[in-house]
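We number each residue from 1, following the sequence as shown.
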Amino acid sequence: MNDDQSLRQDLDPQSDHSSDYLPHHPHHPSHPLQPQQQPQPQPRRPRGFAATAAGSVGPTSPSTPTTNKGKREREREKERTKLRERLRRSITSRMLAGLRQYGNFPLPARADMNDVLAALAREAGWVVEADGTTYRQSPPPSQIAMGMRSVESPVSSGVRATKSLECHPPHNPSSVVRIDESLSPASLDSVVIAERDTTKNEKFSSGGSPINSVEADQLMQDLPIRPGNHGIGTTAFSTPNPYVPLYVTLATGFINNYCQLVDPEGLRQELTHMQSLSVDGVVVDCWWGIVEGWSPQKYVWSGYRGLFNILREFKFKLQALKGAHMNLTSRHNWKFTSVVMAFHEYGRSESGEALIPLPQWILEIGKENQDIFFTDREGRRNTECLSWGIDKERVLHGRTGVEVYFDFMRSFRTEFDDLFAEGLISAVEIGLGSSGELKYPSFSGRMGWRYPGVGEFQCYDRYLQQSLRRAAKLRGHSFWARGPDNAGEYNSRPHETGFFCERGDYDSYYGRFFLHWYAQSLIDHADNVLSLASLAFDETKIIVKVPAVYWWYKTSSHAAELTSGYYNPTNQDGYSPVFEVLKKHSVTVKFVCSGLHISSQDNDEALADPEGLSWQVLNLAWDQGLLVAGENALSCYDREGCMRIVEMVKPRNDPDHRHFSFFVYQQPAPLVQGAICFSELDFFIKCMHGEIAGDLVSC
């Protein structure tokens, strides 16, 4: 009997056995009053490491004091438990980060393993209720009686195997669908249709066919994907390989600095090579420094008129986005092109002079008023593009910066009105900063910058300093009207500075104010220019190029992004405010796919993460409902680099099967010069067109 009581006491979760160690007075509430001798309580059975310690010294009574050895053993066990818990939390943290970043799982901030298991189960087609009940959900038995046809699902080895779904009779509702046990886990995920909400369940209540009830991306397709389909009809049951149009940038040497078309026969040869490669079109840069190069509001378009006439001969339709769902035959009957409004300078010669500078009359103004250009902390001027501080300052012969841009765009629209009327031009890219990208010129090679330096803030011209003083006064802290004095120089590393280092001044009250103002100036510039571009190119698709500043992305400050104008440290989202403005003007985001050519050693030294940055930027843009396109960096020409671009353009693991609208291939020189291997470029184009499965394994 005493053994039974002891066993129940050990199993009682509410019992802590504290009474075993109390003195047994006659009036203790847990014992009846007995004037005589009372029975001795049973000793507590030691468990765990205590049992090991007790075994070495023999049985002990409850009144025996704990030995020093037992105390030491308990302390060691506590430390081991802490280490195991830290390791478990570290593993969980890495799993959660990977699922959020690469699997697009919407896990909560403090997710545990139950959340992870539930998310994985739901992704595999299971239903997980709030209390943990997990099951496969299928249509009601009355609809199952109509029958389900066989489906073709991909197996992990790449071999397609056709399996059938066997349906139970209606009298067994607990097990409606039985799946062949020989199917791989990937096949199981593809053949079972998971209904994730009650709205979808209501679809089965109608008398229609179940095939018409499920969503389009869950339809069971028997037809294999062929190049002629261009991804139409791709579902979760087959690997989607959509057709992504590819355009090639036309070399700048065909238009000289006097806006004259040079070497028209060479241009025709170049276009002939492009046609042989089945590219979808070309990209033409219209340089502000050429067209309005000598006098304000004196626009010379003669060279571009001749170029567009030759493009018309080759039937290169001047657009970027239309016709994305045409079949393969008709697609190659018409070619597409994008036109770029380039408000920055291009290239540098060996002597240091720009190959295509800003207009000469702008440079003349700059000699008298150098504050029209971006300026670093040491007062050095960058003439790549105009400072955003003069967007609304009448310092350009009575015009503001945005008025100069608007007049140029309006002149282009008027000059080539016939091409717009014919529908030959339907997309225009607007240059919004250095290199045509929406960024500050914070890491310019002419200033001595070398990868992977953090760059320098470009806000020390008179006009941006006035804007900073107004913002500081409005905030109530006039002494904040200054740039950071501990942000290092162009080639500094974050840990070498007091501003960008771990827990540095970038996250102080002043740092947050300054970085917010710096980024907001970039956003305001984009908003001002795009507002006028929408007026100049009414009902024409507008494109904006966004840079890829991936080095120091693994640090807490994201220093290189901060100096380029994107307030995107680990505790901030610096791209959503930008994309909100771009969404306001219905633009297409063209993301520069750079960094993929950098070696892993260089990435480690710079704590770079090009894949992580692209994941953040692309998903935020897609979440805003923006169309996304891409462009390669000038050094991405090897097979591995191109295949990594293909994986970015057409992400295989995206649950919504999203992909780029088009891709622009920058060439270092005209194709006729043979700088690029034709077979490599042909392979890359076929991967983009979905004719070849572009992955690193097949390279």
Side-chain angles (χ1 to χ4, degrees), residues 97-98 100-106 244 429-430 432-440 442-443 455 515 519 522-523 526 530 542-598 603 606-633 636 641 644-664 666:
R100 290 192 187 99
Q101 181 170 355
Y102 302 109
N104 202 24
F105 284 85
V244 175
E429 180 179 328
I430 309 299
L432 292 175
S434 62
S435 303
E437 302 171 1
L438 181 56
K439 68 177 182 182
Y440 287 89
S442 57
F443 42 89
L515 292 173
L522 176 144
I523 295 173
L530 292 176
I542 295 177
I543 304 169
V544 169
K545 185 158 63 171
V546 174
V549 187
Y550 52 85
W551 54 101
W552 307 118
Y553 188 82
K554 292 182 179 179
T555 62
S556 58
S557 62
H558 293 209
E561 289 175 274
L562 297 184
T563 59
S564 64
Y566 290 87
Y567 187 18
N568 192 53
T570 53
N571 58 352
Q572 291 282 339
D573 174 13
Y575 292 94
S576 288
V578 177
F579 292 154
E580 288 175 2
V581 172
L582 300 186
K583 175 66 175 178
K584 168 185 173 183
H585 300 287
S586 302
V587 306
T588 295
V589 175
K590 187 167 77 172
F591 182 65
V592 180
C593 304
S594 61
L596 303 176
H597 61 286
I598 303 297
N603 278 344
L607 293 176
D609 189 5
E611 290 84 1
L613 172 67
S614 63
W615 184 91
Q616 179 188 4
V617 172
L618 298 181
N619 280 277
L620 287 174
W622 278 324
D623 290 344
Q624 287 283 349
L626 292 167
L627 291 176
V628 177
E631 181 178 282
N632 67 303
C636 297
R644 292 190 184 279
I645 290 177
V646 172
E647 291 183 356
M648 181 186 300
V649 171
K650 298 188 282 189
R652 291 176 293 179
N653 296 326
D654 189 272
D656 300 318
H657 305 298
R658 298 171 297 193
H659 56 81
F660 284 18
S661 299
F662 62 91
F663 189 84
V664 176
Q666 291 194 89

Practice task
Could you give me the CA-CA distance, side-chain angles and deciding distance for F579 and L626, then say whether side chain to side chain contact (heavy atoms under 4.5 Å, CB included) is met?
Solution key: CA-CA 8 Å; F579 292 154; L626 292 167; 3.8 Å; yes
Beyond-backbone contact of [X] with [Y], side-chain heavy atoms, under 4.5 angstrom:
{"X": "P547", "Y": "Y566", "answer": "yes"}
{"X": "F663", "Y": "I645", "answer": "yes"}
{"X": "E611", "Y": "D609", "answer": "yes"}

Practice task
Before giving the answer on side chain to side chain contact (heavy atoms under 4.5 Å, CB included), spell out for W622 and D656 the whole-Å C-alpha distance, their side-chain angles and the decisive distance to 0.1 Å.
Solution key: CA-CA 10 Å; W622 278 324; D656 300 318; over 6 Å; no
Problem - Lys/Arg-Asp/Glu bridge criterion (N-O < 4.0 Å) met for D623, R658 - result: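 So D623 pairs with R658 through a salt bridge.
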Handout entry: Polar side chain donor-acceptor pair, Y575 to Q624, under 3.5 angstrom
Key = no
Practice task
Check whether any side-chain N or O of E429 sits under 3.5 Å from a backbone N or O of I543 as a donor-acceptor pair, and report yes or no.
Solution key: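 Side chain of E429 to backbone of I543: no pair is present.
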Calculate, to the nearest 0.5 Å, the distance between atoms [atom1] and [atom2] belonging to [X] and [Y] respectively.
{"X": "L522", "Y": "Y567", "atom1": "CG", "atom2": "OH", "result": "15.0 Å"}
{"X": "L438", "Y": "L432", "atom1": "CG", "atom2": "CG", "result": "5.5 Å"}
{"X": "S442", "Y": "E561", "atom1": "OG", "atom2": "CD", "result": "10.5 Å"}
{"X": "N619", "Y": "D654", "atom1": "CG", "atom2": "CG", "result": "6.5 Å"}
{"X": "F591", "Y": "E437", "atom1": "CZ", "atom2": "CD", "result": "10.0 Å"}
{"X": "R652", "Y": "E647", "atom1": "CZ", "atom2": "CD", "result": "5.0 Å"}

Problem - Taking every non-hydrogen atom, the tightest pair across V544 and L530 - result: CG2-CD2, 3.8 Å
Problem - Shortest non-hydrogen contact between S434 and K439, atoms and distance - result: OG-CE, 3.2 Å
Handout entry: Stepwise side chain to side chain contact (heavy atoms under 4.5 Å, CB included) check, K650 with V244
Key = CA-CA 8 Å; K650 298 188 282 189; V244 175; 3.8 Å; yes
Practice task
From the options M648, E631, R644, select the one residue that forms a side-chain contact (heavy atoms from CB on, under 4.5 Å) with C593.
Solution key: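 Single side-chain contact (heavy atoms from CB on, under 4.5 Å) partner of C593 among M648, E631, R644: M648.
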Handout entry: Matching residue for Y553 among N568, L607, T570 - test: side-chain contact (heavy atoms from CB on, under 4.5 Å)
Key = N568
